[in-house]
There are 2 protein chains.
Amino acid sequence: MTNTESSTSIDQDLPLTEQLRTGNLFASPCPSRDVLKHVCSRWGVLILISLRDGTHRFSELRKRIGGVSEKMLAQSLQALEQDGFIERIAYPVVPPHVEYSLTTSGEEIARLVATLADWIEVNMSQITAAQQQHQSRQITTDESSR
Amino acid sequence: MTNTESSTSIDQDLPLTEQLRTGNLFASPCPSRDVLKHVCSRWGVLILISLRDGTHRFSELRKRIGGVSEKMLAQSLQALEQDGFIERIAYPVVPPHVEYSLTTSGEEIARLVATLADWIEVNMSQITAAQQQHQSRQITTDESSR
DNA sequence: GTAAGTACCAACAAAAAGGTAAGTATGGAA
DNA sequence: TTCCATACTTACCTTTTTGTTGGTACTTAC
């Protein structure tokens with residue numbers, strides 16, 4: 001028996017619809033998990049943070065965000081646009097000219113994401129230290145078990 | 001030409017080592033991206049939030065977090081433990097008894113993550129509305145282009 | 001004697017994410 | 001005339017992530 005949670009995981013006191021309306025992240029079929037996925041995704045985070053200083057074109061974002069492929073950038077931008085965090089303005093010219101910027105709610109969530117990212121960057125040395133300590137604990141444990 | 005960024009994406013004014021030391025999320029090989037991945041991952045978020053109200057056992061977390069498999073829960077817990085966000089205490093008894101709790105830095109980052117998650121849950125109706133509006137715009141655009 | 005309980009791990013399979021290369025449109029420059 | 005620029009899309013393939021199944025260890029309860 002490996003997978004018994006699907007029913008027990010859901011709060012017994014509330015009907016499912018109520019949980020979904022209020023958005024219960026702990027229930028598996030919750031739509032807010034998808035939003036979280038877009039926002040917290042590898043590229044979503046960087047896009048949101050990049051747009052905090054104003055409007056940018058597709059190619060600008062591409063250059064600024066190290067390692068994104070065109071495909072992923074386009075895909076991530078679309079997801080964030082769908083959720084209403086990003087506004088896309090396309091000028092009908094050749095070659096194409098498209099501008100991306102944060103909406104009001106985009107600014108709000110980008111601020112939260114940036115806070116999180118900043119915390120990590122600031123505390124990175126501490127985290128690295130913890131990782132190395134963990135590493136060495138692993139080794140000594142492995143050795144003692146031989 | 002599809003992939004030209006790998007050099008241009010990196011801040012030209014700083015040596016690579018300096019960027020990595022301070023943790024530049026926009027440079028592709030940055031270790032802070034991994035931490036962000038652990039923290040923002042599907043299960044990482046829920047684990048951190050779950051542990052905010054105190055110590056929990058493996059099976060408790062499993063029940064509380066809808067949809068996690070044992071494997072994923074174990075894996076995510078290990079990643080967060082490595083980063084120093086979670087403390088794991090195993091009592092040498094049979095059947096096994098293991099307790100998980102947040103470290104000090106774990107509490108800090110869990111607070112930020114919870115803020116983000118709360119914002120999404122609170123604003124979920126707004127987001128859903130935006131999604132539907134986007135959806136209908138799509139349809140009318142498709143129709144007019146025929 | 002055997003089933004149940006806990007916190008895992010390893011092996012394999014499926015699914016999802018991501019990368020790469022090529023194509024689209026069209027005006028202007030070489 | 002061929003190439004370039006931009007913002008994509010599509011098809012195809014690789015890599016990563018996730019799920020599934022079956023085990024382990026030992027004790028207690030039935």
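Letters A, B, ... are given to chains in the order of the sequence lines, protein chains preceding strands, and every chain is numbered from 1.
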How would you list all residue pairs meeting salt bridge (charged side-chain N to carboxylate O under 4.0 Å, His left out) that involve residues 45-56 of chain B, not counting sequence neighbours?
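Every pair satisfying salt bridge (charged side-chain N to carboxylate O under 4.0 Å, His left out) with a residue in residues 45-56 of chain B: B/Asp53-B/Arg64.
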In whole Å, I'd like the distance from the [atom1] atom of [X] to the [atom2] atom of [N].
| X | N | atom1 | atom2 | result |
| --- | --- | --- | --- | --- |
| A/Trp43 | D/dT16 | CH2 | C1' | 14 Å |
| B/Glu70 | D/dG23 | CD | C1' | 12 Å |
| A/Arg62 | D/dT6 | CZ | C1' | 12 Å |
| A/Lys63 | D/dA5 | NZ | C1' | 11 Å |
| A/Leu73 | D/dT9 | CG | C1' | 14 Å |
| A/Leu77 | D/dC8 | CG | P | 8 Å |
| B/Gln78 | D/dT18 | CD | C1' | 15 Å |
| A/Arg33 | D/dT18 | CZ | P | 12 Å |

With rounding to the nearest 0.5 angstrom, report the CG to CG distance, A/Leu46 to B/Leu36.
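One finds 7.5 Å between CG of A/Leu46 and CG of B/Leu36.
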Can you tell me how far apart CG (B/Asp118) and CG (A/Leu112) are? Round to the nearest 0.5 Å.
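Reported value, rounded in 0.5 Å steps: 10.0 Å.
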Could you check A/Val113, A/Thr104, A/Leu102, A/Leu80 and say which one makes a side-chain contact (heavy atoms from CB on, under 4.5 Å) with A/Phe85?
A/Leu80
Exactly one of B/Thr128, B/Asn123, B/Ile127 should register a side-chain contact (heavy atoms from CB on, under 4.5 Å) with A/Val35. Which one does?
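Option passing the side-chain contact (heavy atoms from CB on, under 4.5 Å) with A/Val35: B/Ile127.
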Taking 4.0 Å as the cut-off, does a side-chain nitrogen or oxygen of [X] come that near to OP1 or OP2 on [N]?
| X | N | value |
| --- | --- | --- |
| B/Tyr100 | C/dC8 | yes |
| B/Lys37 | D/dT17 | yes |
| B/Arg42 | D/dT16 | no |
| B/Gln75 | C/dC8 | no |
| B/Ser69 | D/dG19 | yes |

Go through [options] for me and flag the one nearest to the [X] side chain.
| X | options | value |
| --- | --- | --- |
| A/Val94 | C/dT26, D/dA25, D/dA7 | C/dT26 |
| B/Arg88 | C/dC8, D/dC8, C/dG19 | C/dC8 |
| B/Lys71 | C/dC12, C/dC8, D/dC8 | C/dC12 |
| A/Ala74 | D/dC8, C/dT6, D/dA7 | D/dC8 |

Please work out if B/Glu99 contacts a base, only the sugar-phosphate, or nothing of the nucleic acid, heavy-atom cut-off 4.0 Å.
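Answer is nothing: B/Glu99 stays at 4.0 Å or more from every strand.
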What contact category does B/Tyr91 fall into here, base, sugar-phosphate, or nothing, at under 4.0 angstrom with non-hydrogen atoms?
nothing
Go through the structure and list residues passing side-chain hydrogen bond (donor to acceptor under 3.5 Å, both in side chains) with A/Glu108, not counting sequence neighbours.
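With neighbours one apart ignored, the set is B/Trp119.
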Go through the structure and list residues passing side-chain hydrogen bond (donor to acceptor under 3.5 Å, both in side chains) with B/Gln78, not counting sequence neighbours.
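Partners of B/Gln78 by the side-chain hydrogen bond (donor to acceptor under 3.5 Å, both in side chains) criterion come out as none, since no residue qualifies.
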Which residues in residues 46-61 of chain B have a heavy atom closer than 4.0 Å to any atom of DNA chain C?
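Residues of residues 46-61 of chain B that come under 4.0 Å of DNA chain C are, in numerical order, B/Arg57, B/Phe58, B/Ser59.
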Would you mind reading off the bend of the helix from C/dG1-D/dC30 to C/dA30-D/dT1 from its two end axes, five pairs each, to 10 degrees?
30°
The residue, A/Met72 or A/Pro95, whose nearest nucleotide of DNA chain C is more 5′ is A/Met72
Where does the angle between the aromatic ring planes of B/Phe58 and B/Tyr100 fall among parallel (under 30°), tilted (30 to 60°) and perpendicular (over 60°)?
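Taking B/Tyr100 first and then B/Phe58, their aromatic rings sit tilted (interplane angle of 30° to 60°).
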Sorted by chain and number, sequence neighbours left out, side-chain contact (heavy atoms from CB on, under 4.5 Å) with A/Ser59 holds for A/Arg57
Check whether B/Thr103 reaches the backbone of B/Gly84 with its side chain - one donor and one acceptor, N or O, closer than 3.5 Å.
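Answer holds: yes.
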